[in-house]
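In this chain, residues are counted from 1 in sequence order.
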Amino acid sequence: MHLKTRLHQNVLYISLDGELDHHSAEYTRQHLDNLMGQSRAAQIIIDLANLKFMDSTGIGVLIGRYKKMKDRNVPIYISNPSSQAERIFKMTGLYSIMPKIS
C-alpha cells in the first residue's frame, strides 16, 4: 500500500494505491492516523482510483478513521472509487457516512 497526500485550501487529499487488506491494514491505519492527527484540514478526500483490492479489514480501517474525524467534525469524502471499491461501498452502505464526490 502506498499513500500520497497533499493539503490544498484546507482540504487533505489522500490517495490510496495498492491493496487495503489484512496485510497492509496496520501500516495504513498508522499512516492515516498520523496524517489526520496532524492535519487541521476542514475536510478529507480519499481517492480510491488506484485501490486494487479491499477486504473487511480495509473497511474497518476506513470506518475507524471516519469515527475519529467525526469526533473532530471533519467530514471524509470518497473520490474516484475503483470498480471493486465502488461495489463494496454500495454493498455495505459506506457511502451513507463517507459520500462519493466527483
Side-chain angles (χ1 to χ4, degrees):
M1 172 63 63
H2 298 283
L3 288 87
K4 295 178 187 172
T5 63
R6 72 181 173 97
L7 184 63
H8 180 70
Q9 296 183 349
N10 216 23
V11 177
L12 176 61
Y13 294 89
I14 302 170
S15 176
L16 301 181
D17 186 350
E19 297 183 356
L20 184 50
D21 58 14
H22 66 281
H23 295 293
S24 63
E26 188 58 32
Y27 166 83
T28 305
R29 182 181 299 113
Q30 289 176 359
H31 242 63
L32 290 175
D33 282 349
N34 287 339
L35 290 166
M36 293 175 177
Q38 296 172 8
S39 175
R40 300 283 182 237
Q43 66 181 12
I44 297 170
I45 298 177
I46 301 177
D47 187 322
L48 300 179
N50 295 314
L51 186 71
K52 293 162 185 59
F53 176 78
M54 182 170 61
D55 66 7
S56 60
T57 309
I59 294 169
V61 168
L62 294 178
I63 290 173
R65 292 339 91 208
Y66 160 78
K67 288 179 180 179
K68 284 186 174 200
M69 293 296 98
K70 182 179 179 197
D71 290 344
R72 293 174 48 190
N73 294 316
V74 177
I76 296 178
Y77 298 96
I78 301 300
S79 152
N80 304 313
S82 64
S83 60
Q84 197 263 348
E86 177 82 8
R87 250 188 331 271
I88 289 172
F89 269 73
K90 284 182 176 179
M91 198 169 48
T92 60
L94 284 173
Y95 282 135
S96 65
I97 62 171
M98 291 180 272
K100 180 169 73 169
I101 62 169
S102 324

Leu51 versus Ala85, closest heavy-atom pair with distance: CD2-CB, 4.2 Å
Pairing residues for Ser56 by the side chain to side chain contact (heavy atoms under 4.5 Å, CB included) criterion, not counting sequence neighbours: none
Listed once per pair and sorted, the ring-ring contact (aromatic ring centres under 6.0 Å, His included) pairs that draw on residues 31-73, sequence neighbours left out: Tyr27-His31
Side-chain (Arg72) to main-chain (Met36) donor-acceptor, under 3.5 angstrom: yes
Residue pair Asn50, Asn80: steps toward the side-chain contact (heavy atoms from CB on, under 4.5 Å) verdict: CA-CA 9 Å; Asn50 295 314; Asn80 304 313; over 6 Å; no
With a 3.5 Å cut-off and sequence neighbours excluded, list the donor-acceptor pairs that the side chains of residues 5-21 form with protein atoms.
residue : atom : partner : partner atom : Å
Asp17   : OD1  : Lys52   : NZ           : 3.1
Asp21   : OD1  : His23   : N            : 3.0
Asp21   : OD1  : Ser24   : N            : 3.3

Over all atoms of both residues, closest heavy-atom pair of Met54 and Ile88: O-CD1, 3.1 Å
Ile45-Met98 co-clustered via ILVMFWY side chain contacts under 4.5 Å: no
Lys68 vs Arg65, side-chain contact (heavy atoms from CB on, under 4.5 Å): CA-CA, chis, key distance, verdict: CA-CA 5 Å; Lys68 284 186 174 200; Arg65 292 339 91 208; 3.6 Å; yes
Atom of Ala42, atom of Pro75 and distance for their closest heavy-atom approach: O-CD, 3.3 Å
Interatomic spacing from CG in Leu48 to CG in Leu62 - rounded to 0.5 Å: 7.0 Å
Set of side chain to side chain contact (heavy atoms under 4.5 Å, CB included) partners for Gln30, sequence neighbours left out: Glu26
Pairing residues for Pro99 by the side chain to side chain contact (heavy atoms under 4.5 Å, CB included) criterion, not counting sequence neighbours: Tyr77
Interatomic spacing from CE in Met1 to OG1 in Thr28 - rounded to 0.5 Å: 4.5 Å
ring-ring contact (aromatic ring centres under 6.0 Å, His included): pairs with one or both residues in residues 78-102, sequence neighbours excluded: Phe89-Tyr95
Interatomic distance, Ile101 atom CD1 to Ile46 atom CD1 [nearest 0.5 angstrom]: 10.5 Å
Over all atoms of both residues, closest heavy-atom pair of Ser82 and Ala49: CB-O, 4.1 Å
